[in-house]
Amino acid sequence: TAVAANGHRTAFVDNDRKPAGHGRMLRKEDPRFVRGRGRYVDDLQLPGMLHLAILRSPLAHARVLSVDTALAEAHPKVRLVVTGAMLAEKGLAWMPTLSNDVQAVLATDKVRFQGQEVAFVVAEDRYAARDALELIDVEYEPLDPVIDVRTALSPEAPVIRDDLEGKSDNHVFDWETGDAAATEEVFRRADVVVSQDIVYPRVHPAPMETCGAVADYDAVDGKLTLWSTTQAPHAHRTLYAIVAGLPEHKIRVVSPDIGGGFGNKVPIYPGYVCAIVASLLTGKPVKWVEDRAENLISTGFARDYIMRGEIAATREGRILAVRTNVLADHGAFNGVAAPTKYPAGFFGVFTGSYDLEAAYCKMTAVYTNKAPGGVAYACSFRITEAVYLVERIVDCLAAELRMDPIELRMRNFIRPEQFPYRTKTGWVYDSGNYAPTMELAKRLAGYDELRAEQARRRARGEIMGIGVSFYTEAVGAGPRKDMDILGLGMADGCELRVHPTGKAVVRLSVQSQGQGHETTFAQIVAEELGIPPQDIEVVHGDTDQTPFGLGTYGSRSTPVSGAAAALVARKVRDKARLIASGMLEVSVADLEWEKGTFRVAGDPDAFVTIQDIAMRAHGAGDLPEGVEGGLEAQICYNPENLTYPHGAYICVVDIDPGTAKVTVRRFVAVDDCGTRINPMIIEGQVHGGLTDGVGMALMEMIAFDEDGNCLSGSLMDYLIPTALEVPDWETGFTVTPSPHHPIGAKGVGESATVGSPPAIVNAVVDALSPFGIRHADMPLTPSRVWEAMRGQPVPP
Ligand code: MCN
Ligand code: CUN
């Protein structure tokens, strides 16, 4: 392994030479992916399979007067056409969302966003199904759409959710956290108060694979199998059982290879339910796979928060309090996938990485005629919005105080001796050591030299900016007493079985969408048991094959299931120790464990390997009194707290004075996710998240016109970054283990998406500061930057 100048190990250890445990290791799943042998939902071909296509509303808000399906039904290849009215007869027109709202499976009374599901066709092939959609005649009576969240609560605004009894406005919920009075008091006595309106626009995860399902109902044994693009197979199964009234053990949800989830595959979509209904009605397997436009206009969006941020400080730069008022656009149905007690997700961590005297947030969520969603796109349950708010407003304060943004942050960090640290909004940060992380980023970036370079360039009329951000995330939901989704507690099971020859299989309740669980979970078990990761098969994504658990989102797999995997392996090791004591004829106390081997203390020749023990556990020889045969264990892990990763980012941008185009020239990211299982995978996660950040900061937005037409229904209009738009990432790391996680690991899968947008925006604003700019909203496209500069020549 080579160690680079930045302290980074750059080479990976060859799989064969790394017998067990944590460390760089090529991904076990990649041989099948690089050979094109991944198996995704759309790869499934079942005998007699039919194809489903969905008719979607062209209007954002309209009454559905009639749906005429006669011509579609007459199409020679069509087997079934279903409307909302038909579903209503079976009590299936509406389904619960993950936030205790309801959502239309197919519209009955009204359509409430452009792209909403109105009817579906099942045909012999997918082309016929699509063609037949054109034959359905829907008569709509257009209604005024509610598009601007700022006027959605005005008394004149049409009521979107008139399906809800007694609903007379577009209000979803009010939520507050922190102490309003204490915060007001601190603001009153502060030397400096800065406020800023900040918009985090609606964006979309846009995974490479769109959503889809194959439903197969076997009428003989009454069993429904649903292959679907889900990040949470067990939670989905329970919901289907409740909605469809099918017994849970007669439902099997399989989530095969997934081509990216990013939170887009957490909700239950009408398409999944339609596929199930279609299979029940036709008795055939039915496939539904959406296209890119359907994915972009109708599935779980992200963000859409309009925030007013306020920060109070002393003249010397001691931050005293943060306050915010948020207007949250939830679209037509509240489909946010957040724990029940947390309607705004974990936005409550908006106090960031700073030791404050007071904080307060008030939020109002409203319905609009837009697609539902809200918790998606590597958001860590809305921490993206929280970190963006606090890191932008801290920069506004730095500008006001004419203080260096790193210096201001360093003065206000929660100090290492304050952990575990309870924030003013009640979150208990488990561990952290922020200053060294910031220092490392500063050193890797060559920060002081960058500032000198900026001064030289400014003198030449060039526009260069340096942006800083620092984030703390809260990932790994539960514990179950505080967190649930639809009443299901957020804990995760794990089962481990060691076969006679010492090969093992570990079964997880979480599900990878590209994060490399088949590798890292094998590594976790390998580290504990000394069995090489190649000999450990990871089984996931199949409710018939895995223990119950809440699934992968909010970067909870490593904090929750990773802990479960380590603990289940320790349980197996405890049993192995008993068997070893019998084999070596010594007491348990005389045994020493050294990765994969029990040795008799003081006798180097007396040892047995875990493989020997596995054979004995299943073999004909005697086992110690009271020890059952076999070598396996299971566990359900209920985390004690969330884990709180942190990181420091520095971004350098250049802006073309002629075109206002922003180029990210350099980006330094130092992340701390506690104990690192596979540094190569972590870097991959960080690179991906940083790329997301460039997308959101500079390019991505789901936009609507005043009629509610979605203007971002294709990748021509919804721009996502490619290798051309991003720099060579410069990464580093610090390690502050989580004190309550059995191996000290924290999550990392969303860190960079959370932390990078403010660094980039801060860099652009820093670049534009000579123009008198203090803030500009994402995405910072050339036109927006040009507008901010007002086409003015570069000031001297
Ligand atoms: N890891 C590690 N050491 C740590 C922490 C994590 O080696 N200390 C490894 C893990 O074992 C895992 C990966 O890094 O292989 C990510 O782990 P974790 O942070 O636990 O996140 P999850 O596995 O729960 O993944 C979910 C997270 C989320 S919520 C989104 S959104 C997102 C993300 O992962 N979606 C992704 N990264 C993604 N990456 C890909 N390729 N595809 C997605 O859909
Ligand atoms: Cu918020 S996106 Mo991830 O938690 O699946």
Side-chain angles (χ1 to χ4, degrees), residues 21-25 27-30 33 203-209 229-232 257-267 300-303 336-339 345-346 373-385 473-477 492 508-525 527 538 540 549-563 565-566 643 645 671-689 691-692 733 735-738 741 743-754:
H22 303 168
R24 272 168 205 277
M25 177 185 147
R27 302 200 325 167
K28 291 174 68 177
E29 43 271 83
D30 282 346
F33 291 138
V203 291
H204 197 281
M208 205 185 307
E209 178 203 32
T229 50
T230 168
Q231 296 178 220
D257 285 328
I258 298 292
F262 305 102
N264 189 232
K265 290 164 180 168
V266 178
F301 74 92
R303 327 287 190 254
V336 170
F346 299 168
V375 164
Y377 204 170
C379 67
S380 294
F381 287 126
R382 302 277 197 188
I383 294 176
T384 35
E385 290 91 324
E473 273 186 289
V475 298
D492 283 81
L508 313 176
S509 56
V510 292
Q511 152 75 45
S512 167
Q513 299 88 45
Q515 298 89 338
H517 291 179
E518 287 167 49
T519 307
T520 46
F521 280 78
Q523 289 184 275
I524 293 171
V525 173
E527 180 80 14
V538 175
H540 59 176
L550 270 260
T552 291
Y553 39 83
S555 304
R556 62 189 298 284
S557 302
T558 307
V560 187
S561 275
T643 66
D671 289 278
D672 189 323
C673 59
T675 304
R676 295 155 68 83
I677 298 155
N678 186 326
M680 181 196 76
I681 285 182
I682 293 172
E683 278 160 29
Q685 291 290 301
V686 170
H687 291 182
T691 306
D692 287 344
F733 63 91
V735 176
T736 312
S738 167
H741 188 282
I743 61 171
K746 303 179 178 183
V748 77
E750 299 167 300
S751 296
T753 315
V754 168

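Counting starts at 1 for both ligands and their atoms, following the listed order. For the single chain, residues carry numbers from 1 onward in sequence order.
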Colleague: Has G261 got any heavy atom lying under 4.0 angstrom from an atom of ligand 2?
Modeller: no

Colleague: Is there at least one pair of N or O atoms, one from C673 and one from ligand 1, spaced under 3.5 Å apart?
Modeller: yes

Colleague: Is there a heavy atom in G688 that sits closer than 4.0 Å to ligand 1?
Modeller: no

Colleague: Tell me whether Q513 contacts the main-chain N or O of G261 through its side chain, where contact means a donor paired with an acceptor under 3.5 Å.
Modeller: no

Colleague: Should you measure from each heavy atom of S380, which atoms of ligand 2 turn up under 4.0 Å away?
Modeller: 1 (Cu)

Colleague: Does A378 reach ligand 1 with a nitrogen or oxygen that is under 3.5 Å from one of the ligand's nitrogen or oxygen atoms?
Modeller: no

Colleague: Does any N or O in the side chain of H741 come within less than 3.5 Å of the main-chain N or O of G562, such that one atom is a donor and the other an acceptor?
Modeller: no

Colleague: Hey, does the side chain of T675 reach the backbone of I743 with a donor-acceptor pair shorter than 3.5 angstrom?
Modeller: yes

Colleague: Is there any N or O on G554 that sits under 3.5 Å from an N or O of ligand 1?
Modeller: no

Colleague: Could you tell me whether the side chain of R27 and the main chain of E518 form a donor-acceptor pair under 3.5 Å?
Modeller: no

Colleague: State whether the side chain of D692 and the backbone N or O of A752 hold a donor-acceptor pair below 3.5 Å, judged by distance alone.
Modeller: no

Colleague: Out of Q231, Q515, M25, H517, whose heavy atom sits nearest atom 13 (C) of ligand 1?
Modeller: Q515

Colleague: I want to know if ligand 1 touches C379 in the polar sense, i.e. an N/O pair below 3.5 angstrom.
Modeller: no

Colleague: If we only consider heavy atoms of G674, is any one of them less than 4.0 Å away from an atom in ligand 1?
Modeller: no

Colleague: Does ligand 1 have an atom that lies less than 4.0 angstrom from a heavy atom of P559?
Modeller: yes

Colleague: Please list, in number order, the atoms of ligand 1 under 4.0 Å from a heavy atom of Y553.
Modeller: 29 (S)

Colleague: Do side-chain atoms of Q523 reach the backbone of H22 as a donor and acceptor pair under 3.5 angstrom?
Modeller: no

Colleague: I'd like the name of whichever of G749, G554, G747 reaches closest to atom 4 (O) of ligand 2 through any heavy atom.
Modeller: G554

Colleague: Could you work out, for atom 2 (S) of ligand 2, the closest of A232, G374, G345, A378 by heavy-atom distance?
Modeller: A378

Colleague: State whether the shortest distance between N or O atoms of T552 and N or O atoms of ligand 1 falls below 3.5 angstrom.
Modeller: no

Colleague: Just by distance, do the side chain of T643 and the backbone of V475 share a donor-acceptor pair under 3.5 Å?
Modeller: yes

Colleague: Suppose we measure from atom 1 (Cu) of ligand 2 to each protein heavy atom; which comes out shortest, and what is that distance?
Modeller: C379 SG, 2.2 Å

Colleague: Identify which of K265, Q231, E750 has a heavy atom lying nearest to atom 3 (Mo) of ligand 2.
Modeller: E750

Colleague: Does Y377 reach ligand 1 with a nitrogen or oxygen that is under 3.5 Å from one of the ligand's nitrogen or oxygen atoms?
Modeller: no

Colleague: Could you say whether the N/O atoms of G263 and ligand 2 ever approach to under 3.5 Å?
Modeller: yes

Colleague: To check you understand the geometry: which heavy-atom pair defines the closest contact between P559 and K746, and what is its length?
Modeller: CG-C, 4.2 Å

Colleague: So for ligand 1, is I682 a polar contact partner (N or O within less than 3.5 Å, distance only)?
Modeller: no

Colleague: Check step by step if side chain to side chain donor-acceptor pair (under 3.5 Å) holds for N678 and T520.
Modeller: CA-CA 6 Å; N678 186 326; T520 46; over 6 Å; no

Colleague: Report yes if R676 has an N/O atom closer than 3.5 Å to an N/O atom of ligand 1; otherwise report no.
Modeller: no

Colleague: Kindly say whether K28 contributes a backbone atom to a donor-acceptor pair with the side chain of T519 at under 3.5 angstrom?
Modeller: yes

Colleague: My understanding is that we take every heavy atom of each candidate and find the minimum distance to atom 28 (C) of ligand 1. Doing that for E750, Q511, R27, Q523, which one comes out nearest?
Modeller: E750

Colleague: Give a yes or no on whether the backbone of K265 and the side-chain of Q231 come within a donor-acceptor separation of less than 3.5 Å.
Modeller: yes

Colleague: V748 to ligand 1: N or O pair under 3.5 Å?
Modeller: yes

Colleague: Any heavy-atom pair between the side chains of I682 and D671 that's under 4.5 Å?
Modeller: no

Colleague: If you take all heavy atoms of T753 and T384, which pair is closest and at what distance?
Modeller: O-CG2, 4.0 Å

Colleague: Less than 6.0 angstrom from the centroid, inside 45 degrees of the normal: does R556 satisfy that with respect to the ring of Y553?
Modeller: yes

Colleague: Tell me if a side-chain donor or acceptor on R303 pairs with a main-chain N or O of Y377 at a distance below 3.5 Å.
Modeller: yes

Colleague: Taking only heavy atoms of G260 into account, list the atoms of ligand 1 that are under 4.0 Å away from them.
Modeller: 44 (O)

Colleague: Which option, H741, Q685, K265, Q513, owns the non-hydrogen atom nearest atom 38 (C) of ligand 1?
Modeller: Q685

Colleague: Nearest non-hydrogen contact with atom 21 (O) of ligand 1 belongs to which option: P207, S555, S380?
Modeller: S555

Colleague: Is ligand 2 under 4.0 Å from a heavy atom in the side chain of A376, in the backbone, in both, or in neither?
Modeller: backbone

Colleague: Under 4.0 Å from a heavy atom of G747: which atoms of ligand 1 are those, numbered in the order shown and with their elements?
Modeller: 19 (O)

Colleague: How many angstroms lie between CD in Q685 and OG in S555, if you round to the nearest 0.5 Å?
Modeller: 7.5 Å

Colleague: Under 4.0 Å from a heavy atom of G263: which atoms of ligand 1 are those, numbered in the order shown and with their elements?
Modeller: 31 (S)

